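Before any comments, here is the structure.
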Amino acid sequence: MHSLAAPGNTSPLLHNLNPEQLAAVTLPAEHALILAGAGSGKTRVLTTRIAWLLQNGYVSPGGILAVTFTNKAAKEMKTRLSAMLPVNVNGMWIGTFHGLCNRFLRAHYKNAGLPQAFQILDTQDQLSAIKRLCKQYDIDTERFPPKQLGWFIGNCKEEGLRPKDVVASDPDTRKKVEVYQLYEEQCQREGVVDFGELMLRSYELLRDNTAIREHYQRRFRHILIDEFQDTNKLQYAWIKMIAGQGSDGLLNGGGGAVLAVGDDDQSIYAFRGARVGNMTDFVREFAVQRQIKLEENYRSYSNILDSANALISHNSRRLGKNLRTVQGAGEPVRVYEAPSDFLEAQWMVDEMKQLIRDDVERKEIAVLYRSNAQSRVIETTLFNAAIPYRVYGGLRFFERAEIKHALAYLRLLENPNDDTSFLRVVNFPARGIGTRSIEQLQDLAKATGCSLHDAVSTLSGRPGAVIAGFVAKLDVLREQTAGLNLKDIIKLMLENSGLLEHYRNEREGEDRVENLDELVNAAESFVMQEGFGREAPGMTALVSSPEALTQSPASQGLSGAALDAVPDEFGDTGETLSPLQAFLTHAALEAGDNMAAAGQDAIQLMTVHSSKGLEFDCVFITGMEEGLFPHENSMSDHDGLEEERRLAYVAITRARKRLYLSHSQTRMLHGQTRFNLKSRFFDELPEECLKYLTPKQQPMLAGGGFGSSWGGGGYATNSGAGRAYSTGATGQFGTYSAPQKEVPRKEEPTGLRKGQKVFHTKFGEGTVLTLEGAGDDARAQINFPRHGTKWLALSVAKLTPVP
DNA sequence: AGACCCGGCATTTTT
DNA sequence: TGCCGGGTCT
């Protein structure tokens, strides 16, 4: 690894970078870790780094590999980069892990053992493939729910395990492995890959094919990984492989320099396999010499940052980082306590109205919550107040049923053996093909080991004839669409498949028709963007062509560096994908936006998770309550709690100017009113940064069930607002009062209340969900984390209230 | 084939 | 409480 010349230039690229950013951008060509705090200009550093490397001729565009997690991030990187330099970013290897793996597998499909037109299964497709398989092989779906099987298979792949590699000690696991094996065979037969497969197969190809591996190791001189804290085990292994780094004999150390950019404090995806530990592993295994911390924050005022810093300081095993700003303290962080979730929403909407009156744009106001279910009250309240809002998440464009149907037809044009697509539309729109006929066909296909499509000719009788009719229809469509451009292919398919007609005739089908029209538009703009020729299909490839980089003469230094471009010994430049194939790939890898009210100036509603990477002038974080945030499922273990804290950290650091934290004493959840204590995270925030909009809740009186400031009185209803702040009397003793047997009182005959934590000698600690009856008949529904929800007779059960 | 009903279930999400 | 999926009824 050589050192790059000292920067010492006054290129406009480097203007306005702070010293740390500058250091990161101009790092020498060696492995490095950048700890990029929230709002520290991470994307800017990444893109400027690439631009700087290119501009100074340290690397050619083909020598760059830049990996992100989301298409959005990849797109952003490309946009910014092309704004800095006149370079063809579409030719560069900038993309998501899965997008790049797809590109890689397309280029080397033969070596990867895949058909050229392999299709990608999304999670829905995967699940239906598994369900189909379960039916076929009589898998007991009671014991092995398809969802779980899918989860199992996905996890195995993420661990880099093929069926033969899984250590199955118990019969259940053995069965699952068996299904995994069958699933693999099925996918292979049908020429489809799931998301995990894209990653795993790429990894294996690199691992097992020396020529290919060394080619890419030589080729990529600079490897940049965004959101490194979110990488899983397989992704990390893939990085090591492509960078030629590690203790493994396969790895020769001759690969490029890896620049890992991430923030351990913002690692919030452990539940889907993300390993923060990859950061420390990276430092060790790549013998990283330089770590740069970007701690200067350009987003928020210091009251907000100090709150975030204080909160996250309660986590252990951090790499260590403290955000700072040159901006002033700004406004205090506002804390609000509501009597009910309903009134919490009400207060919030009132506050928003004021903000809007003060000329804050609606899209600069965000409401963040821990779980999706919380959005309902807020939506209702906003709706009633006639304030436009937009909820993030939910169904995205390419996930809609009508779109999936249309895509299934298109996929069958490319690959008739795609059984998932075949089954999706063989009788949609209805053409008199019943379950029986399909089962017969499936049996035949299974017996011959061929696809459904290929089995059709062997199916006799009426069913055979009808299904053959469907196949013939597809064949005709394939003939008709040959040579047409993508837009016309789709139009013709929509008409001839009967999809459009079906939805036209359907009551309330207008939206679906509209979406199908939108599909045509999407295809057209895809063709434009990807630069496919207008008339001929197959002119350029979305994927492959790693060397086909248009180098603009205007960019200084590029041509010189491009000379060391790796010769392409694999002929992958020649592989082209038809616009249709490329579009189908695009649809699978990029589910598109969720379409709700996009573009409008509306209040933004989303989970904390989906807020990552975004920023707003005003942020409301709602439902900051024990059990909700931190979530009860994460509270039991240390790591889970720390992830919740990181989540809160992410949430807080979204706010630029004004931050509200709210919690409610009661909340409707699963149809039951729950009493919630305020989140422990409040206690971890610096008092001097906070402003209480409601009287500060007294420290909770532990034990006895009187922790809530509602006192010993009746249960809350949504109309009980008026009393909320006058009944704090029981809470004013800050000391712990030992649990004691209560003499039953009129108001609270059981001595228990909903939300109360109790201890049971057999089931351990649990939470009271419901109380019923009185006296000897009194019973409580209690949720025990380890044993589930139980109904217990209070006269019998030995329960002790716990703090 | 389509409507309806009931029961189970209910962090977080991207590709 | 509300949704979704599976099963059943017409």
Side-chain angles (χ1 to χ4, degrees), chain A residues 67-74 95-102 120-128 131 141-142 145-147 151 154 157-158 193-200 202 226-227 230-232 234-235 267-274 341-342 368-377 379-380 392-396 398-399 427-436 506-507 585-592 594 606-613 623 627-635 640 643-644 646-648 650-651 667-674 718 769 783 788-789:
Chain A
V67 194
T68 63
F69 271 86
T70 63
N71 292 301
K72 199 177 157 201
T96 63
F97 276 103
H98 294 86
L100 295 172
C101 283
N102 169 63
I120 298 165
L121 297 186
D122 66 16
T123 318
Q124 280 178 44
D125 300 330
Q126 188 195 32
L127 187 64
S128 66
K131 280 183 182 165
T141 49
E142 296 279 286
K147 263 206 192 108
W151 180 81
K157 291 189 180 183
E158 250 170 38
V193 296
D194 60 32
F195 289 130
E197 188 69 23
L198 282 173
M199 251 348 282
L200 181 54
S202 301
D226 192 17
E227 306 279 15
D230 287 338
T231 52
N232 65 32
L234 179 58
Q235 286 158 342
S267 166
I268 56 173
Y269 286 113
F271 70 91
R272 65 175 201 213
D341 51 352
F342 174 75
L368 310 186
Y369 35 82
R370 175 65 238 269
S371 66
N372 286 305
Q374 287 169 255
S375 75
R376 172 163 284 116
V377 217
E379 286 188 65
T380 315
Y392 275 64
L395 258 201
R396 285 161 7 193
F398 287 113
E399 292 167 354
N427 194 37
F428 193 95
R431 46 179 72 89
I433 298 171
T435 354
R436 275 255 36 106
E506 196 182 61
R507 300 174 285 107
T585 301
H586 165 79
L589 287 176
E590 196 163 349
N594 69 332
M606 67 193 82
T607 63
V608 178
H609 279 94
S610 31
S611 76
K612 193 176 163 200
L628 199 58
F629 201 2
H631 196 275
E632 54 190 343
N633 298 357
S634 311
M635 279 163 56
E643 179 136 327
E644 294 290 305
R646 290 193 291 269
L647 210 39
V650 167
R667 185 170 296 277
M668 197 62 143
L669 195 66
H670 310 328
Q672 286 168 331
T673 303
R674 291 185 32 162
N718 284 347
L769 296 179
N783 179 45
T789 304

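Throughout, protein chains are lettered first and strands after them, A, B, ... in sequence-line order, and every chain is numbered starting at 1. Everything numeric here is computed off the predicted structure, so don't read it as measured data.
Within 4.0 Å of A/D122, counting heavy atoms only, lies no atom of the nucleic acid at all.
Using cut-offs of 30° and 60° for the angle between ring planes, the A/Y269 and A/H609 rings count as tilted.
Residue whose closest nucleotide on DNA chain B sits further toward the 5' end, between A/E643 and A/A430: A/A430.
Distance CZ (A/R431) to P (B/dG2): 13 Å, rounded to an integer number of Å.
For A/T607, the side-chain atoms get nearest to B/dT13 when compared with the rest of B/dT11, B/dT15, B/dT13. Closest approach to the A/N427 side chain among B/dA1, B/dT15, B/dA10 is made by B/dA1 (side chain taken as heavy atoms from C-beta onward). Among the nucleotides B/dT13, B/dT15, C/dT1, the one closest to any side-chain atom of A/R272 is B/dT13.
Between A/E379 and A/R376 there is no salt bridge, since no side-chain N of the basic residue sits under 4.0 Å from a carboxylate O of the acidic one.
A gap of 15 Å separates the P atoms of C/dG5 and B/dT12, to the nearest Å. Taking atom C1' in both C/dG6 and B/dT11, one finds a spacing of 25 Å when rounded to whole Å.
A donor-acceptor contact under 3.5 Å links the side chain of A/T123 to the base of B/dT15.
We find that the ring of A/F271 and the base of B/dT11 do not stack by the test of centres under 5.5 angstrom and planes tilted less than 30°.
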